[in-house]
Amino acid sequence: MRSGSSSSNAGSAPRRRPMSDLICAGASASASDDLSRYSVATTTASSERSSGSSGRGAAAFLDAFRSCFAPGDARSPETSLSDVDSDASHQHSQSLSSQGSTSGSTFESRRSARGLYGSTLRNSSEREIPGDRKFTLPEIQKATKNFSPNLKIGQGGSGTVYKGQLSDGTLVAVKRAKKNMYDKHMGHEFRNEIETLRCIEHLNLVRFHGFLEFGGEQLIIVEYVPNGNLREHLEGLNGKVLEFSVRLEIAIDVAHAITYLHTYSDQPVIHRDIKSSNILLTNNCRAKVADFGFAKLAPTDATHVSTQVKGTAGYLDPEYLRTYQLTEKSDVYSFGVLLVELVTGRRPIEPKRAIVERVTAKWAMEKFSKGDAILTLDPNLEVNDATNLAIEKMYELALQCLAPKKRNRPSMRRCAEILWSIRKDYRELARPTSS
Ligand SMILES: Nc1ncnc2c1ncn2[C@@H]1O[C@H](COP(=O)(O)OP(=O)(O)OP(=O)(O)O)[C@@H](O)[C@H]1O
């Protein structure tokens with residue numbers, strides 16, 4: 001299905017939104033206009049980005065995907081993961097020790113030249129990023145009741161997240177960086193998140209309000225997203241099962257968000273940490289992608305940037321692990337893992353299961369190849385014709401996203417188009433028939 005499907009996408013469903021909602025504020029052209037405009041920009045930016053899945057068959061993908069997990073491959077996700085994270089079930093972000101080459105230096109220097117990197121943040125006195133809302137430390141202390149433990153809503157690798165309410169009533173999430181004077185790397189990560197957040201605006205991305213650095217404090221103030229993260233929902237922590245149709249919508253929201261990052265924003269951004277705990281949900285279960293701590297601006301004059309490997313165990317692109325060459329396709333790989341997670345409800349790595357089931361994506365793709373995809377469906381979900389077909393199609397897409405070689409993975413834009421088509425078919429089949 002091509003962009004024409006976006007018009008069928010704009011029909012009667014209650015939660016449907018115009019494409020203009022999905023792209024950067026200020027864009028007003030139709031969905032297909034926007035898609036083709038940015039498609040051209042993408043193609044010229046990088047030859048890598050212009051390559052699609054090239055119509056390869058599922059079997060070929062599966063063979064290649066299997067080889068990714070072949071025993072003895074020192075770079076296989078299983079090996080890498082155990083090296084990286086002995087307690088994979090926690091899925092904390094891991095910064096791998098391997099340092100890549102410096103072929104991304106052009107990219108880094110261009111970034112510096114643009115003033116995107118460090119220039120406004122070098123001094124330690126209080127300041128705000130130009131153009132963003134101005135915050136003061138007392139204001140944020142008041143909003144978070146002086147970082148009250150009762151208002152703590154999350155703990156990540158680089159800091160603690162608090163809920164807060166500004167004096168005008170706006171609810172915000174305040175990310176407070178870990179205080180580690182000796183860890184320059186951590187400061188770098190935190191600033192990276194700010195610099196990235198400044199450049200982007202999209203309905204399915206957590207909105208950036210501002211930044212504050214004062215004395216030893218580094219604070220990021222973003223939109224508060226009230227309904228927890230996707231991982232919590234898949235685990236049923238809020239007491240309700242996330243219905244299949246909602247999971248499909250979430251997949252589409254995330255695909256839109258990453259498509260925007262890769263193609264619509266001023267300079268393409270690679271998120272590098274797409275995972276279920278970074279997908280936040282609104283009360284209507286719309287998804288917003290968060291956590292730009294690892295994000296990197298994609299090079300527009302090269303096919304990749306060589307960089308230190310970062311990301312989360314279970315979601316990491318094996319080719320990036322092997323070559324340190326980062327492209328948008330690493331996010332596509334992580335998105336493939338996320339698709340499997342949405343269908344199965346399982347974490348990407350389940351250390352307590354039988355060996356054949358431990359790496360969820362591998363297990364699910366094997367079942368899919370034998371025609372048993374339905375056996376992998378989250379047991380909390382109802383099996384019917386609509387889900388049956390949708391699972392098959394979602395796995396077909398997941399298999400392409402999980403292709404060991406990035407050139408065989410689809411673009412995120414293509415993923416979104418395929419998911420629109422899956423949603424259309426799902427709705428048609430799920431509609432009650434009048435007898
Ligand atoms: N804007 C927000 N609104 C509501 N809750 C949030 C927001 N940002 C983060 N959280 C909550 O805080 C948790 C931790 O977020 P954070 O981005 O710091 O770390 P993480 O992604 O879990 O881990 P890491 O940073 O190590 O990858 C999230 O999983 C989410 O539950």
Side-chain angles (χ1 to χ4, degrees), residues 84-85 87-96 133 135 140 143-144 147 149-166 170-180 183 185-194 196-197 200-211 218-235 237-238 242 250 253-254 257 270-296 309-316 331 334 337-338 341 347-349:
V84 171
D85 189 357
D87 183 8
S89 64
H90 286 103
Q91 294 291 317
H92 281 313
S93 297
Q94 296 293 317
S95 177
L96 305 190
R133 185 165 176 169
F135 290 104
I140 298 305
T144 59
F147 303 103
N150 294 337
L151 293 175
K152 184 176 160 183
I153 51 174
Q155 178 72 57
S158 58
T160 309
V161 186
Y162 296 87
K163 181 180 175 181
Q165 186 162 28
L166 302 176
T170 308
L171 289 177
V172 290
V174 179
K175 191 165 182 178
R176 187 187 202 186
K178 271 186 187 160
K179 277 191 195 167
N180 191 341
D183 189 349
H185 177 72
M186 194 62 78
H188 175 90
E189 216 164 78
F190 207 73
R191 285 164 192 213
N192 202 44
E193 178 155 10
I194 296 150
T196 310
L197 279 165
I200 57 176
E201 187 168 11
H202 187 281
L203 190 69
N204 299 117
L205 292 168
V206 168
R207 192 181 163 81
F208 179 55
H209 287 309
F211 166 70
Q218 285 179 313
L219 306 166
I220 294 178
I221 298 101
V222 296
E223 165 189 17
Y224 172 69
V225 188
N227 198 11
N229 68 51
L230 174 60
R231 177 67 354 238
E232 292 163 354
H233 279 262
L234 291 174
E235 313 225 320
L237 293 181
N238 72 345
L242 210 51
I250 290 170
D253 282 345
V254 176
I270 305 170
H271 185 284
R272 289 216 284 179
D273 205 15
I274 296 297
K275 59 175 177 177
S276 54
S277 65
N278 280 341
I279 312 299
L280 306 181
L281 300 183
T282 67
N283 287 328
N284 291 331
C285 283
R286 301 313 311 220
K288 289 183 185 263
V289 175
D291 200 356
F292 290 80
F294 289 164
K296 224 166 176 50
V309 173
K310 291 190 178 162
T312 297
Y315 295 88
L316 272 166
D331 284 346
S334 308
V337 176
L338 190 79
E341 209 177 336
R347 286 168 180 265
I349 299 168

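One-based numbering, in listed order, for ligands and for the atoms of each.
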Heavy-atom distances under 4.0 Å are what count here, so tell me which part of [X] touches ligand 1: side chain, backbone, both or neither.
{"X": "Thr160", "value": "neither"}
{"X": "Asn278", "value": "side chain"}
{"X": "Lys163", "value": "neither"}

Just jot down the ligand 1 atoms closer than 4.0 angstrom to any heavy atom of [X], in number order.
{"X": "Lys175", "answer": "16 (P), 17 (O), 18 (O)"}
{"X": "Asp273", "answer": "27 (O)"}
{"X": "Ile153", "answer": "4 (C), 5 (N), 6 (C), 11 (C), 12 (O)"}
{"X": "Tyr224", "answer": "3 (N), 4 (C)"}
{"X": "Leu280", "answer": "1 (N), 2 (C), 3 (N), 6 (C), 7 (C), 8 (N), 30 (C)"}

- [ ] Quick one: list whatever passes side-chain hydrogen bond (donor to acceptor under 3.5 Å, both in side chains) with Glu232, sequence neighbours left out.
- [x]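 Counting only residues at least two positions away or on another chain, Glu232 forms a side-chain hydrogen bond (donor to acceptor under 3.5 Å, both in side chains) with Asn229.
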Using side-chain heavy atoms (C-beta onward) and a distance below 4.5 Å, is [X] in contact with [Y]?
{"X": "Lys275", "Y": "Asp273", "value": "yes"}
{"X": "Tyr224", "Y": "Ile153", "value": "yes"}
{"X": "Leu280", "Y": "Leu230", "value": "no"}
{"X": "Ile279", "Y": "Lys288", "value": "no"}

Task: CZ/Arg207: more than 12 non-hydrogen atoms of other groups inside 6.0 Å - done: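 No, CZ of Arg207 has 12 or fewer neighbouring heavy atoms, counting only those of other groups under 6.0 Å.
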Open item on the list: Heavy atom to atom 17 (O) of ligand 1, shortest distance: which of Asp291, Thr312, Leu230, Leu281 holds it?
Closed with: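 Of the listed residues, Asp291 has the closest heavy atom.
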TODO: Just go through Val222, Val161, Asn229 and tell me whose heavy atom is the nearest to atom 9 (C) of ligand 1.
DONE: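 Result: the heavy atom closest to atom 9 (C) of ligand 1 is in Val161.
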- [ ] Write down the atom of Gly314, the atom of Val337, and the distance for their closest heavy-atom approach.
- [x]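 Shortest heavy-atom separation between Gly314 and Val337 comes out as O-CG1, 3.4 Å.
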Open item on the list: With a 4.0 Å cut-off on heavy atoms, is Ala290 in contact with ligand 1?
Closed with: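 Outside the 4.0 Å threshold, so no.
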Open item on the list: If the contact criterion is a heavy-atom separation under 4.0 Å, does Lys275 count as touching ligand 1?
Closed with: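 The answer is yes, since Lys275 has a heavy atom less than 4.0 Å from ligand 1.
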Task: For Phe147, ring pair (Phe, Tyr, Trp, His ring centres under 6.0 Å) partners two or more places apart - done: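 Once residues adjacent in sequence are excluded, the partners of Phe147 under the ring pair (Phe, Tyr, Trp, His ring centres under 6.0 Å) criterion are Tyr162.
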- [ ] Could you walk me through whether Glu341 and Tyr315 pass side-chain contact (heavy atoms from CB on, under 4.5 Å), step by step?
- [x] CA-CA 11 Å; Glu341 209 177 336; Tyr315 295 88; 2.6 Å; yes
Open item on the list: Looking only at distances, can you tell me whether any N or O atom of Val206, backbone or side chain, sits closer than 3.5 Å to an N or O atom of ligand 1?
Closed with: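 No, Val206 has no N/O under 3.5 Å of an N/O on ligand 1.
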